[in-house]
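See below for the structure under consideration.
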Amino acid sequence: MPLASPSRPERVARERMREALALARTTPPGDVPVGALVYSPSGEVIGRGVNRREARLDPTAHAEVEAIRDAARTLGSWRLDGCELVVTLEPCTMCAGAILGARVRSVVFGAFEPKTGAVGSLFDAIRDPHHLHQVEVRGGVLEEEAAQVVGAFFRERR
C-alpha cells in the first residue's frame with residue numbers, strides 16, 4: 001500500500017518552514033540562527049525576522065519580534081488578524097506575549113526548546129484558556145532540520 005501524501009495544510013506548513021529555515025541561515029554571526037516569517041491571510045510573506053540580539057545589543061531582537069514588527073510596518077497596523085507566524089524554534093515567553101499582543105491567528109514552529117519554550121515545552125503561555133485571543137499552534141514541523149540548524153550553532157561554540 002503506498003504511503004499517503006501529506007494533506008494540503010501539512011504541505012503548506014512544510015513549505016513555509018523550509019522558507020523560514022533558509023532565512024535562519026542568514027542570521028548574523030554570533031546570534032542563534034532562528035528565522036521567522038509572517039504570512040498574510042492570503043499567503044504572502046509580509047514580515048521577516050532573524051535573531052539579532054548580539055548584532056543590535058537588544059534583548060528583544062528575537063526573530064519572532066523582528067518578523068512581527070516588519071509585518072506591522074507592512075500592514076500599517078499592529079493587529080495581525082488572520083496572519084500566521086512560522087518560526088524555526090519554539091517561541092519563548094517574550095515572543096509568546098508578542099504573538100498574543102499582535103493577534104496572530106496561528107503559529108507553526110519547527111524545533112521544540114525544552115529550556116525556554118513557552119508553547120508547550122517548558123510551559124504553554126500561548127494556549128492558556130484565560131487569554132482573550134486564542135492562537136492555533138502546530139509544533140514539530142520539520143523538527144529534525146530545525147534542530148540541526150540550532151544544534152550546529154551550539155556545537156561550533158563548544
Side-chain angles (χ1 to χ4, degrees), residues 6 9-39 45-72 78 80-158:
E10 183 64 25
R11 279 194 312 274
V12 170
R14 288 179 184 185
E15 288 169 12
R16 290 178 174 184
M17 186 58 67
R18 283 186 191 95
E19 290 181 47
L21 286 164
L23 181 61
R25 291 180 179 97
T26 70
T27 301
D31 276 296
V32 178
V34 176
L37 296 165
V38 176
Y39 288 86
V45 175
I46 58 169
R48 291 174 174 77
V50 295
N51 273 351
R52 295 183 185 279
R53 290 186 309 173
E54 299 298 329
R56 292 196 175 144
L57 304 176
D58 179 355
T60 69
H62 288 205
E64 299 94 324
V65 173
E66 295 287 303
I68 288 169
R69 288 174 177 159
D70 191 32
W78 61 269
L80 303 184
D81 295 315
C83 293
E84 179 169 83
L85 174 75
V86 178
V87 60
T88 58
L89 188 65
E90 180 181 359
C92 69
T93 306
M94 176 186 70
C95 292
I99 290 163
L100 287 165
R103 308 297 193 269
V104 171
R105 176 186 51 83
S106 64
V107 173
V108 174
F109 70 87
F112 287 85
E113 175 41 274
K115 294 180 180 175
T116 62
V119 189
S121 287
L122 190 58
F123 59 94
D124 199 337
I126 286 186
R127 291 177 284 198
D128 186 303
H130 298 96
H131 293 306
L132 295 175
H133 175 70
Q134 297 300 307
V135 179
E136 298 170 26
V137 176
R138 172 187 240 155
V141 175
L142 300 181
E143 181 178 3
E144 288 182 28
E145 293 93 323
Q148 287 173 359
V149 172
V150 172
F153 171 82
F154 286 108
R155 279 191 299 280
E156 289 174 9
R157 301 219 154 348
R158 292 185 184 128

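This structure is a prediction, so every number in the text was calculated from the model and none was measured.
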Heavy atoms only: give me the nearest [X]-[Y] pair and the separation to one decimal.
X      : Y      : answer
Val149 : Ala24  : CG1-CB, 4.5 Å
Leu100 : Ala125 : CD1-O, 3.9 Å
Cys92  : Ala118 : C-CB, 3.5 Å
His133 : Arg103 : NE2-C, 3.3 Å
Ala147 : Ala111 : N-CB, 3.7 Å
Ala36  : Ala67  : O-CB, 3.6 Å

Task: Main-chain N/O of Val50 paired to Thr27 side chain as donor or acceptor, under 3.5 Å - done: no
Open item on the list: If we ignore hydrogens and angles and just use 3.5 Å, is the side chain of His62 paired with the main-chain N or O of Gly49 as donor and acceptor?
Closed with: no
Open item on the list: Is there a side chain to side chain contact (heavy atoms under 4.5 Å, CB included) between Val38 and Val104? Walk through the geometry before answering.
Closed with: CA-CA 9 Å; Val38 176; Val104 171; 5.9 Å; no
Open item on the list: With a 4.5 Å cut-off on side-chain heavy atoms, are Pro9 and Arg138 touching?
Closed with: yes
Rounded to the nearest 0.5 Å, what separates atom [atom1] in [X] from atom [atom2] in [Y]?
X     : Y      : atom1 : atom2 : value
Ile99 : Ile126 : CD1   : CD1   : 4.0 Å
Glu64 : Arg69  : CD    : CZ    : 11.5 Å
Thr88 : Leu23  : OG1   : CG    : 8.5 Å

Task: Stepwise side chain to side chain contact (heavy atoms under 4.5 Å, CB included) test for Phe153 and Asp31 - done: CA-CA 9 Å; Phe153 171 82; Asp31 276 296; 6.0 Å; no
For residues 13-20, which side-chain N or O atoms pair as donor and acceptor with protein atoms under 3.5 Å away, sequence neighbours left out?
residue, atom, partner, partner atom, Å
Arg14, NE, Glu10, OE2, 3.1
Arg16, NH1, Glu84, OE1, 2.7
Glu19, OE1, Tyr39, OH, 3.2

TODO: Given side chain to side chain contact (heavy atoms under 4.5 Å, CB included), test Arg127 with Val119 step by step and report yes or no.
DONE: CA-CA 7 Å; Arg127 291 177 284 198; Val119 189; 4.1 Å; yes
TODO: Can you tell me which residue pairs pass the side chain to side chain donor-acceptor pair (under 3.5 Å) test with a partner in residues 111-122, sequence neighbours excluded?
DONE: Glu90-Ser121
- [ ] Any side chain to side chain donor-acceptor pair (under 3.5 Å) involving residues 45-57? Give me the pairs, sequence neighbours left out, ordered by first then second residue.
- [x] Arg56-Glu66
